[in-house]
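The structure appears right after this line, and notes come after that.
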Amino acid sequence: MTLNMESQFSKLSLINELLESLSNLGYMDMTPIQEKSLPLIIKGNDVIAQAKTGSGKTAAFGLGILNSLNTSSNNLHSLILCPTRELAEQVASELRKLSRALPNVKILTLCGGSPENLQDRSLKSGVHIAIGTPGRVLQHLKKGSLNLDSLNIFTLDEADRMLDMGFEEELNEIISHLPKKKQSLLFSATYPENIASLSERFQKDALKVQIDTTHEESNIEEIFYEVSPTQDKNNILYKILSSSKPKRVIVFCRTKKETADVADFLLNRNIKAKCINGDLEQNERNEVLAKFSNRSLSILVATDVAARGLDIKDLEAVINYNMPSGADAYIHRIGRTGRAGKKGLAFSFFNPAEEFRLNEIKDLTKKDCIIEDPKKLSYKEKYNLIPPMKTMYISGGKKDKIRKGDILGALTGEAKMKFEDIGEIHIFNAFSFVAIKRKNIDLAIKRLSQGRIKKKKFKVGLA
Ligand code: ADP
Ligand code: MG
């Protein structure tokens with residue numbers, strides 16, 4: 001690896017605590033969008049930043065926000081709006097990581113699906129950075145539990161999706177609550193025309209920075225299949241899975257019903273798949289996403305909205321069961337794979353009437369679309385996809401002050417499990433999930449049920 005001295009974070013005027021966090025996180029070099037936007041943000045400019053999904057936009061605004069934060073007061077320093085709960089949670093988690101070396105930073109998420117009175121209480125006790133979805137943030141503004149008078153930096157993340165999802169009215173209303181004097185940041189993966197007019201409504205002399213995606217070498221192999229309405233799509237899906245054997249896949253569908261149907265089809269073929277769509281309760285979503293992330297689940301069938309902002313590492317393939325409704329949305333979807341320099345696969349079904357969509361994509365990516373005949377797919381009848389991990393449930397979580405280290409300690413200590421057998425750990429409020437290698441899950445459950453975590457007994461079982 002060559003060290004690019006030009007793009008080290010240390011050349012920026014970042015406070016030492018942030019440099020320390022960055023070095024702990026192993027962020028050596030700035031990503032291109034960070035390199036372009038951070039100096040402007042640190043100087044206090046209003047900024048519009050556009051770069052593709054997975055390019056490190058969160059840390060770009062996150063570092064800017066944390067760098068100017070004064071923790072000696074309890075005032076609200078910054079509000080970040082995200083289009084979905086998952087995305088807000090991810091931004092919060094990235095900001096918590098970045099602020100680890102900074103003592104006493106109070107970060108709160110304000111999203112639907114979580115009790116409002118708990119949020120009221122936290123807001124009352126003082127929050128530095130609030131991260132929320134438009135609906136819930138607006139609710140708090142209306143009833144006065146959230147006040148933006150002291151706000152220094154306002155950030156709109158994934159602005160393109162916000163508009164796609166129809167949040168325009170809520171955004172306008174939130175904007176009307178912003179103080180006149182503030183710094184404002186707008187981040188987006190794409191730059192459709194309506195973003196400029198949105199920016200004008202709350203930004204002043206905004207500087208625009210952009211990382212051109214179209215000339216970049218793509219490490220995603222994209223293949224398109226023409227499927228006529230009479231052909232059996234599920235069967236082709238099965239053949240694709242069986243011939244390319246990806247370990248982890250997201251299948252994108254257009255409707256909730258379609259996600260359920262596709263997941264059912266796969267389950268009938270003994271391939272464990274789960275769907276996420278707007279019908280799921282928050283805790284069901286958390287469970288599915290945690291299992292997909294920790295490799296206990298190999299196939300996720302999702303609508304665009306439900307999959308928004310997911311940053312699952314090492315996703316090997318994305319399958320577009322339907323063509324997305326525009327070239328930008330297509331880029332978004334396939335951007336879930338081939339991240340961080342890894343190879344990715346993207347398969348897309350289009351019906352004969354949708355060929356124009358391929359041209360839109362070609363115009364944007366400046367690449368020819370490779371169309372293959374689904375009949376030529378070579379595959380095995382006997383195909384299965386068994387996730388390498390299983391998820392263990394523990395009846396204790398944040399409310400019991402359990403941390404990842406406590407669980408790891410209990411498992412590797414008293415329960416005598418090997419470090420290599422343990423995968424991702426997710427800690428929720430009332431419970432936790434731990435991924436364990438499939439063949440050792442029973443042993444791990446048995447041993448931990450007999451043991452203790454932080455000197456307390458918890459129920460342990462298969463999630
Ligand atoms: P975006 O918002 O542009 O889609 P994210 O902010 O989610 O992208 O970042 C994608 C991934 O890159 C995250 O896992 C993040 O932790 C990582 N990342 C961000 N900045 C850096 C950096 N400078 N060096 C290494 N990894 C980084
Ligand atoms: Mg982002």
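In each ligand, atom 1 is the first atom listed, and ligand 1 is the first ligand listed. Numbering starts at 1 and runs along the sequence shown.
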Close-contact set for ligand 1 against [X] heavy atoms, below 4.0 Å:
X     : result
Glu94 : 15 (C), 16 (O)
Ser55 : 1 (P), 3 (O), 8 (O)
Thr58 : 2 (O), 5 (P), 6 (O), 7 (O)
Lys52 : 3 (O)
Thr53 : 4 (O)
Phe9  : 23 (N)

Looking only at heavy atoms, what is the nearest atom pair of [X] and [Y], with distance?
X      : Y      : value
Leu38  : Leu63  : CD1-CD1, 3.7 Å
Tyr225 : Phe347 : CE1-CD2, 3.8 Å
Val127 : Ala130 : CG1-N, 4.1 Å

Checklist line | Shortest reach to atom 9 (O) of ligand 1 by a heavy atom, considering only Gly26, Gly56, Cys82, Gly62 | finding: Gly56
Check: If you measure from atom 10 (C) of ligand 1 to every heavy atom of Gly54, Ala51, Ala60, Ser188, which option wins on shortest distance?
Finding: Gly54
Ion pair [X]/[Y], N-O distance below 4.0 Å:
X      : Y      : result
Arg403 : Asp406 : no
Glu168 : Arg201 : yes
Lys142 : Glu173 : yes
Lys274 : Glu287 : no

Notebook entry, point to check: Measuring from the heavy atoms of Val91, does anything fall under 4.0 Å of ligand 1?
Noted result: no
Check: Looking at ligand 1, does any of its N/O atoms fall within less than 3.5 Å of an N/O of Met30?
Finding: no
Side chain or backbone of [X] under 4.0 Å from ligand 1, or both, or neither, by non-hydrogen atoms?
X      : answer
Asp157 : neither
Phe187 : neither
Met28  : neither
Gln34  : side chain

Margin query: Show, in sequence, the C-alpha distance, side-chain angles and deciding distance for Ser68 and His77, and conclude whether the side-chain hydrogen bond (donor to acceptor under 3.5 Å, both in side chains) test is met.
Written below: CA-CA 9 Å; Ser68 57; His77 171 61; 3.2 Å; yes
Checklist line | Aromatic centroids of Tyr330 and Phe224 separated by under 6.0 Å | finding: yes
